[in-house]
S.K.: 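Here's a structure for you.
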Amino acid sequence: MDQLPAKQTPNRPANRVLPPRPMQAAVVLVSFTALLYLIEFVDVAGFHGSLDRSFGVKPRQLSGLDGVLFAPLLHDGWAHLAGNTIPVLVFGFLAMAGGLAQWIVVTTVIWLVSGIGVWLTGDAGTVTIGASGLAFGWLAFLLVRGIFNRSFKQILVAAVLFFYWGGVLWGLLPGDQQISWQAHLFGALAGLLMAFLAARASRVRAARTVATGPAPGNLAA
């Protein structure tokens with residue numbers, strides 16, 4: 001009686017370029033974007049834009065620390081929100097290639113680091129709002145994950161993203177007084193960090209799988 005190893009199907013989830021559950025990812029991102037539009041409608045129609053100043057990040061003010069949590073949900077008018085919509089949808093969707101759980105962790109870290117960075121280093125007397133720090137974090141995550149994962153497909157996707165959106169990276173540098181480069185910079189740094197950590201976690205899981213060996217095979221008489 002011989003024991004035959006089970007046929008192994010190549011499984012390299014770390015190298016995916018699209019979410020494992022595309023419909024789920026689409027629903028999550030569309031729902032999040034719809035929430036942004038709903039909040040902007042409530043702010044404009046019910047509060048005449050006052051939510052922005054009340055819940056934005058106010059650097060080095062205790063009263064503005066709650067903006068770390070709420071600022072990415074607020075926008076300075078419809079044009080500001082419209083400008084962030086496509087990056088949020090595209091980058092957020094592609095960043096879910098590692099699954100929903102990983103995306104939640106990555107997004108949470110980018111969200112918090114971007115906001116805290118603004119609170120610590122932003123210009124005094126300013127109020128920072130908007131989801132662009134989140135978008136920059138996702139973009140940075142996508143641009144480098146292929147290098148850390150040694151994935152040609154992900155590097156190719158990164159090249160396409162850089163071709164279309166590489167120009168926005170100038171937003172990481174001081175310049176336009178109406179744009180919070182600090183939110184962009186700290187969001188991007190968080191995205192770089194999470195790409196590295198996600199790739200390392202994937203390698204650890206792969207090593208554990210190899211160490212434990214393949215699943216039991218079929219028995220043949």
Side-chain angles (χ1 to χ4, degrees), residues 29 32-44 47-95 106-144 158-195:
L29 267 301
F32 176 70
T33 305
L35 176 63
L36 298 182
Y37 275 84
L38 175 61
I39 291 173
E40 184 62 21
F41 174 77
V42 171
D43 186 27
V44 171
F47 294 89
H48 307 290
S50 64
L51 292 181
D52 297 344
R53 184 160 294 277
S54 298
F55 294 99
V57 178
K58 304 181 186 72
R60 296 172 298 284
Q61 295 183 32
L62 290 179
S63 62
L65 193 56
D66 56 357
V68 172
L69 299 178
F70 300 117
L73 302 173
L74 301 167
H75 290 82
D76 186 22
W78 296 110
H80 184 203
L81 177 55
N84 281 336
T85 297
I86 297 302
V88 164
L89 287 171
V90 174
F91 303 158
F93 179 82
L94 293 175
V106 169
T107 299
T108 299
V109 172
I110 293 171
W111 190 303
L112 295 177
V113 170
S114 177
I116 292 172
V118 171
W119 191 82
L120 290 173
T121 67
D123 297 331
T126 61
V127 179
T128 298
I129 55 174
S132 58
L134 193 57
F136 268 81
W138 284 332
L139 177 59
F141 177 85
L142 294 168
L143 289 177
V144 301
V160 173
L161 291 174
F162 185 80
F163 176 78
Y164 280 101
W165 279 286
V168 305
L169 296 177
W170 288 109
L172 298 174
L173 302 175
D176 192 335
Q177 297 298 315
Q178 301 300 314
I179 296 177
S180 175
W181 62 271
Q182 295 96 336
H184 299 170
L185 176 61
F186 282 97
L189 291 176
L192 295 176
L193 173 64
M194 294 312 297

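Here the structure is a predicted model, which means the values were calculated and not measured.
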S.K.: With rounding to the nearest 0.5 Å, note down the distance linking CD1 in Ile179 to NE2 in His80.
M.R.: 8.5 Å
S.K.: Going by the side-chain contact (heavy atoms from CB on, under 4.5 Å) test, name the single residue among Leu139, Leu73, Val88, Thr107 that passes it with Leu134.
M.R.: Thr107
S.K.: Can a donor-acceptor pair be found, under 3.5 Å and without considering hydrogens, that links the side chain of His75 to the backbone of Ala131?
M.R.: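 Yes: the side chain of His75 pairs with the backbone of Ala131.
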S.K.: Please report the interatomic distance CD1(Ile110) to CG(Leu192), rounded to the nearest 0.5 Å.
M.R.: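 Separation between the atoms: 9.0 Å.
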S.K.: Taking Glu40 for the side chain and Gly77 for the main chain, is one N or O donor matched with an acceptor at less than 3.5 Å?
M.R.: yes
S.K.: Taking all non-hydrogen atoms of both residues, which atom of Thr128 and which atom of Ala183 are closest, and how far apart?
M.R.: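 The answer is CG2-CB, 4.4 Å.
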S.K.: In terms of heavy-atom contacts, does CH2 of Trp170 have more than 12 from other residues, nucleotides or ligands at under 6.0 Å?
M.R.: no
S.K.: Can you tell me how far the CG atom of Leu74 sits from the CG atom of Leu36, to the nearest 0.5 Å?
M.R.: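 Result: 9.0 Å between the selected atoms.
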S.K.: Between Gly56 and Ala71, what is the shortest heavy-atom contact and its length?
M.R.: CA-CB, 4.3 Å
S.K.: Could I get the full list of side-chain hydrogen bond (donor to acceptor under 3.5 Å, both in side chains) partners for Thr85, not counting sequence neighbours?
M.R.: Tyr37
S.K.: Restricting to ring pair (Phe, Tyr, Trp, His ring centres under 6.0 Å), what partner residues turn up for Phe93, sequence neighbours left out?
M.R.: none
S.K.: Do other residues, nucleotides or ligands put more than 12 heavy atoms under 6.0 Å from Leu62 CG?
M.R.: no
S.K.: With side chains defined as the heavy atoms from C-beta onward, is the minimum distance between Phe141 and Val106 less than 4.5 Å?
M.R.: yes
S.K.: Please list all pairs passing the side-chain hydrogen bond (donor to acceptor under 3.5 Å, both in side chains) test where one or both residues lie in residues 47-58, with sequence neighbours left out.
M.R.: none
S.K.: Taking all atoms of both residues into account, what is the closest heavy-atom pair of Pro59 and Val57, and its distance?
M.R.: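 For Pro59 and Val57, the tightest heavy-atom pair comes out as CD-O, 3.6 Å.
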S.K.: Just how far is it from atom CG of Leu29 to atom CG of Leu94, taken to the nearest 0.5 Å?
M.R.: 9.0 Å
S.K.: Are any side-chain N or O atoms of Trp111 and backbone N or O atoms of Val68, one a donor and one an acceptor, separated by less than 3.5 Å?
M.R.: yes
S.K.: Does any part of the side chain of Leu120, heavy atoms only, come nearer than 4.5 Å to the side chain of Arg60, both counted from C-beta?
M.R.: no
S.K.: Mind checking the OG1-CG spacing from Thr33 to Leu38? Nearest 0.5 Å is all I need.
M.R.: 12.5 Å
S.K.: Under the rule for ring pair (Phe, Tyr, Trp, His ring centres under 6.0 Å), what residues qualify as partners of Phe136, not counting sequence neighbours?
M.R.: His184
S.K.: Hey, are the side chains of Phe32 and Leu89 touching, using non-hydrogen atoms and a 4.5 Å cut-off?
M.R.: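 No, every pair of side-chain atoms sits at 4.5 Å or beyond.
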S.K.: Give a yes or no answer on whether the side chain of Trp119 reaches the backbone of Gln61 with a donor-acceptor pair at less than 3.5 Å.
M.R.: yes
S.K.: Quick one: does Thr121's side chain get under 4.5 Å of Phe186's, heavy atoms only?
M.R.: yes
S.K.: Between Thr126 and Asp123, is there a side-chain heavy-atom distance shorter than 4.5 Å?
M.R.: yes
S.K.: Measuring from atom CG of Leu51 to atom CD1 of Ile39, what distance do you get when rounded to the nearest 0.5 angstrom?
M.R.: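 One gets 9.0 Å once the value is rounded to the nearest 0.5 Å.
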S.K.: Who are the ring pair (Phe, Tyr, Trp, His ring centres under 6.0 Å) partners of Phe91, not counting sequence neighbours?
M.R.: Trp165
S.K.: Tell me every residue that passes ring pair (Phe, Tyr, Trp, His ring centres under 6.0 Å) with Phe55, counting only those two or more places apart in sequence or in another chain.
M.R.: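 Partners of Phe55 under the ring pair (Phe, Tyr, Trp, His ring centres under 6.0 Å) test: Phe70.
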S.K.: Is there a donor-acceptor contact under 3.5 Å from the side chain of Ser114 to the main chain of Gly133?
M.R.: no
